[in-house]
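For reference, the structure is listed below as C-alpha cells.
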Amino acid sequence: MAFWWPLLVLGFAYAICKFLFMLIPPNVPSIEVDASDVLDDGNQTQENGFIYVPPRGRTPQADTKVQCYEPATMKYLGYFPALTPDEVKERVAQARKAQKIWAKSSFKQRRQFLRILLKYIIEHQELICEISSRDTGKTMVDASLGEIMTTCEKITWLLSEGERWLKPEYRCSGRSMLHKKSKVEFHPLGVIGAIVSWNYPFHNIFNPMLAAVFSGNSIVIKVSEHASWSGCFYFRIIQSALAAVGAPENLVDVITGFAETGEALVSSVDKIIFVGSPGVGKMIMRNAAEMLIPVTLELGGKDAFIVCEDADVEHVAQIAVRAVLQSSGQNCAGAERFYVHEDIYSSFVSQVSKIVKSVTAGPPLAGKYDMGAICLQEHSERLQNLVNDALDKGAKFVVRGSVGHIGEGAVDQFFPPTVIENVNHTMKLMQEEAFGPIMPIMKFSTDEEAVKLANDSKYGLGCAVFSGSQRRAKEIASQIHCGVAAINDFASTYMCQSLPFGGVKDSGFGRFAGVEGLRACCLVKSVVEDRWWPYIKTKIPKPIQYPIGENGFEFQESLVEALYGMNIWDRLRALVNVLKILTEQNSPANSKRRDD
C-alpha cells in the first residue's frame with residue numbers, strides 16, 4: 001500500500017490538472033467574412049432581382065458562365081465563370097507553389113486553422129445553413145444536420161487524433177531484420193483535386209479540404225455547377241481562416257465550370273477525389289489512368305433499410321421517413337429500398353403513412369416546411385417516370401405528402417413525399433438511384449431473403465438493419481455487401497468521423513473520413529534503418545559474398561530454416577549448420593583457397 005499510495009495521489013493530481021486545463025478557453029482569433037452580397041434582405045439589385053428560367057440543354061452562354069438560382073423560388077443569384085483548361089492548370093500551379101511552403105508547417109499551426117474554422121462555423125450556423133438552403137433547396141434543419149454537425153465532428157476528430165495518425169508508425173521488423181527499425185511515414189502527396197456534388201455544398205467542400213490541408217497538401221476543389229453560388233461563399237471562410245494563421249495564398253482554391261473544367265483538374269493534380277454519379281466516375285477513372293494518379297470515388301447508393309418483425313415499429317417508422325426525406329430527398333447514403341418483415345408489414349406501412357401525410361414541402365425559407373425543393377432541373381420529371389414505371393408493373397400508391405404555397409415558376413422543383421407498396425426488383429425504382437423523396441416498401445419472410453434482396457443491387461454503399469435483437473441485426477448487416485452499416489439506426493456511421501466512408505460495386509471505391517481517408521491524402525513511405533547504428537551494421541555473410549562460395553546455397557538454405565523452421569529443434573539444428581559454415585568460411589585455409 002505504501003508503494004501504490006504516491007502513484008494514486010500523482011494520478012489524481014494529474015486528472016485534476018487536466019480537468020482545470022480544459023476549463024481554460026483556447027486563444028482562438030475570430031475572422032471576418034464579407035457576406036453582404038449573399039444575404040437575402042429583400043433589396044436585391046436589378047441584375048439579381050428576376051425569376052430565372054434555365055434553358056433546356058447546354059447553350060453557348062452556358063459554356064462560359066455558370067448560372068446560379070434558388071431552386072425553391074427560381075430567383076436569380078448571379079453567375080460565375082466556367083474556367084478554361086489553361087486557367088485550371090494555372091490555378092493548380094499556384095496551389096503547388098503554396099503546398100511546398102505549407103508542407104513544412106507544424107501541426108500546431110494546422111490545428112489553429114481548424115479551431116478558427118470551428119469557431120466561425122459555430123458562431124455563424126444560421127448564415128451557413130441559409131446559404132446552403134437557398135442554393136440547393138434544403139430546409140434549415142436538414143442543412144444543420146448534414147452540413148454543420150458533420151463538419152464540426154470532422155474538425156473535432158482531426159483536432160483530437162489527426163496528428164497521431166500522421167506521425168511515423170513503427171512496425172515489426174520480422175525475424176530476418178531483427179537488428180533493424182521499421183516504420184511507415186506519411187508525407188503530403190502535393191496537390192489534391194476534388195470534384196464534389198451539389199447535395200451538401202458546405203460539407204462536400206470542407207470534407208476533402210480539411211483532410212488535405214491537415215496532412216500538408218494543397219487542394220483545388222471544383223464545385224458543382226448546381227451549387228457554385230454557395231461554394232464560392234464558403235471559400236471565403238476558408239481563405240480568411242488560412243490568412244489568420246499565416247498560410248500561403250492559393251493553398252486552397254475553389255473553381256467553377258462544367259465537364260471541361262473538371263477534366264482539366266484531373267489531368268493536373270496528384271490525386272483526385274470525386275463525389276458524383278457512376279457514369280461520370282468512370283470518365284474520371286479513364287482520365288486519371290492517363291496520368292496514373294490515385295482516385296477516390298464516392299458514387300452514390302441504393303441503400304437497403306431492413307426492418308425485422310421484432311423491431312419497434314413506431315420508432316423505426318420515424319427514422320425511415322427521416323432517411324427518405326433528409327435534405328429533400330437529396331440523400332447522401334440515402335435509404336432507397338425498404339424491406340419489412342411480413343408480420344409487421346401492415347403496421348409499418350400504416351405508421352409511415354401517418355407521418356408522411358403530415359409532411360409539407362415548400363420554399364424552405366418562406367415558411368415552416370418539413371421538406372424543401374429538388375435541386376436539379378428536370379429531376380422531378382425523372383422521379384415521376386420511376387414512379388410510373390413501378391405503377392405500370394403492379395405497384396400501388398400508399399400516400400403522398402402535400403406541397404405548400406410555391407411560386408408558379410418553381411412548380412417543377414417540388415416532388416411530394418411518396419410511399420409506394422407492392423414493389424419488386426423488376427421495377428426501375430428498386431434498381432436505379434432515385435435521389436428523391438420516394439419510399440418503396442417490399443415484404444420479406446426470412447432473414448436470408450432480406451439479405452438476398454439487399455445484395456441484389458449494382459450499388460453497395462450502405463445499409464441499415466433494425467431488430468429487437470442486436471445480435472440478429474449485426475448478423476444480417478454482416479452479410480450485406482456494402483461499405484457502411486448502421487445497426488438499429490440510419491446514417492450514424494457518417495457522424496462517427498473516425499470511421500472510413502465509401503462503398504463497393506457501382507458505389508465506388510477508396511475511402512474518405514477516418515484514419516483511412518486522412519492517410520489516403522498521403523504518400524505512404526516504408527523506411528528501414530539500423531536499430532543500433534553504428535555498433536551493428538548490415539554485413540553480407542562471406543558464403544554469399546562475390547564470388548559466391550561453393551557452399552553459398554547450403555548456407556542460405558540453413559539460414560532460412562533457422563529463421564522460419566516449423567519447430568525449435570529444426571531451427572536449432574539449422575542454426576548450428578549456419579555457424580559451422582561461417583566458421584569454415586572464416587578459417588585461414590578457406591580464405592587462402594578463395595584468394596587463389
Side-chain angles (χ1 to χ4, degrees), residues 92 94-118 150-171 183-196 203-222 235 238-239 241-242 244-254 265 268-275 288 293-298 496-502 509-527:
V92 172
Q94 294 297 322
R96 196 173 297 282
K97 292 178 183 178
Q99 189 275 329
K100 294 184 184 301
I101 300 171
W102 184 251
K104 301 174 184 178
S105 63
S106 66
F107 282 112
K108 180 180 179 181
Q109 185 180 11
R110 298 176 194 179
R111 278 193 295 270
Q112 185 71 338
F113 168 63
L114 298 189
R115 291 190 186 100
I116 292 171
L117 285 176
L118 183 60
T150 50
T151 304
C152 289
E153 189 66 37
K154 187 178 187 74
I155 293 175
T156 304
W157 179 77
L158 282 171
L159 286 170
S160 174
E161 299 189 35
E163 180 180 359
R164 168 190 171 192
W165 296 110
L166 292 176
K167 282 187 172 181
E169 184 177 278
Y170 284 86
R171 304 282 179 88
K183 62 180 177 179
V184 181
E185 294 179 347
F186 303 95
H187 299 273
L189 275 174
V191 182
I192 306 293
I195 301 175
V196 299
H203 182 70
N204 283 349
I205 291 174
F206 275 67
N207 182 37
M209 181 278 297
L210 291 166
V213 171
F214 193 81
S215 54
N217 298 281
S218 61
I219 185 168
V220 179
I221 306 167
K222 191 267 177 189
F235 178 42
I238 299 168
Q239 285 179 305
L242 287 171
V245 297
E249 290 186 22
N250 306 310
L251 183 67
V252 177
D253 205 350
V254 167
L265 182 62
S268 307
V269 296
D270 301 306
K271 175 188 170 73
I272 196 75
I273 299 170
F274 174 72
V275 182
I293 61 170
V295 177
T296 295
L297 300 178
E298 198 279 275
C496 300
Q497 281 291 312
S498 62
L499 296 177
F501 182 83
F509 58 82
R511 297 294 183 266
F512 53 77
V515 179
E516 293 78 5
L518 184 61
R519 288 179 170 179
C521 294
C522 298
L523 166 64
V524 181
K525 182 181 292 185
S526 299
V527 179

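The analysis underlying the following values was restricted to heavy atoms, covering all of them including side chains, and did not include hydrogens, waters or symmetry mates.
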Close side-chain approach of V515 and S498, heavy atoms under 4.5 Å: no
Atom of D270, atom of P294 and distance for their closest heavy-atom approach: O-CD, 3.3 Å
Any side-chain heavy-atom pair of I101 and L251 under 4.5 Å: no
Between OG on residue S268 and CZ on residue R96, distance to nearest 0.5 Å: 8.0 Å
CG-CD1 distance between N204 and I195, expressed to the nearest 0.5 angstrom: 13.0 Å
Distance (rounded to the nearest 0.5 Å) between R164 CZ and F107 CZ: 13.5 Å
From L159, V245, I155, I116, residue fulfilling side chain to side chain contact (heavy atoms under 4.5 Å, CB included) relative to R111: L159
Where A194 and I272 come nearest, the two heavy atoms and their spacing: N-CD1, 4.1 Å
side-chain hydrogen bond (donor to acceptor under 3.5 Å, both in side chains) between K97 and N250, worked out: CA-CA 8 Å; K97 292 178 183 178; N250 306 310; over 6 Å; no
Backbone N/O of T156 and side chain of S160: donor-acceptor pair under 3.5 Å: no
Nearest-0.5 Å distance, CD1 of residue I238 to CZ of residue F113: 6.5 Å
Heavy-atom pair with the smallest gap, counting every atom of S215 and R110: C-NH1, 3.6 Å
Heavy-atom pair with the smallest gap, counting every atom of L114 and L210: CD2-CD2, 3.4 Å
E185 atom CD, over 12 foreign heavy atoms within 6.0 Å: yes
Side-chain donor-acceptor contact under 3.5 Å, K100 with S218: no
For C521, the option from V213, L166, N217 that meets side chain to side chain contact (heavy atoms under 4.5 Å, CB included): N217
Note, T150 side chain near K154 side chain (heavy atom, < 4.5 Å): no
For F235 against V252, the heavy-atom pair lying closest together: CE1-O, 3.2 Å
Which atom of L189 lies closest to which atom of C522, heavy atoms considered: CG-C, 3.6 Å
Beyond-backbone contact of M209 with L117, side-chain heavy atoms, under 4.5 angstrom: yes
Side-chain touch F186/V524, heavy atoms, less than 4.5 angstrom: yes
Pairwise distance CH2(W165) to CH2(W157) - rounded to 0.5 angstrom: 8.0 Å
Set of residues satisfying ring-ring contact (aromatic ring centres under 6.0 Å, His included) with respect to F512, sequence neighbours excluded: F501
Any I192 side-chain heavy atom under 4.5 Å of P208 side chain: no
Test side chain to side chain donor-acceptor pair (under 3.5 Å) applied to Q94 - qualifying residues, sequence neighbours left out: E90
Backbone N/O of A513 and side chain of Q497: donor-acceptor pair under 3.5 Å: no
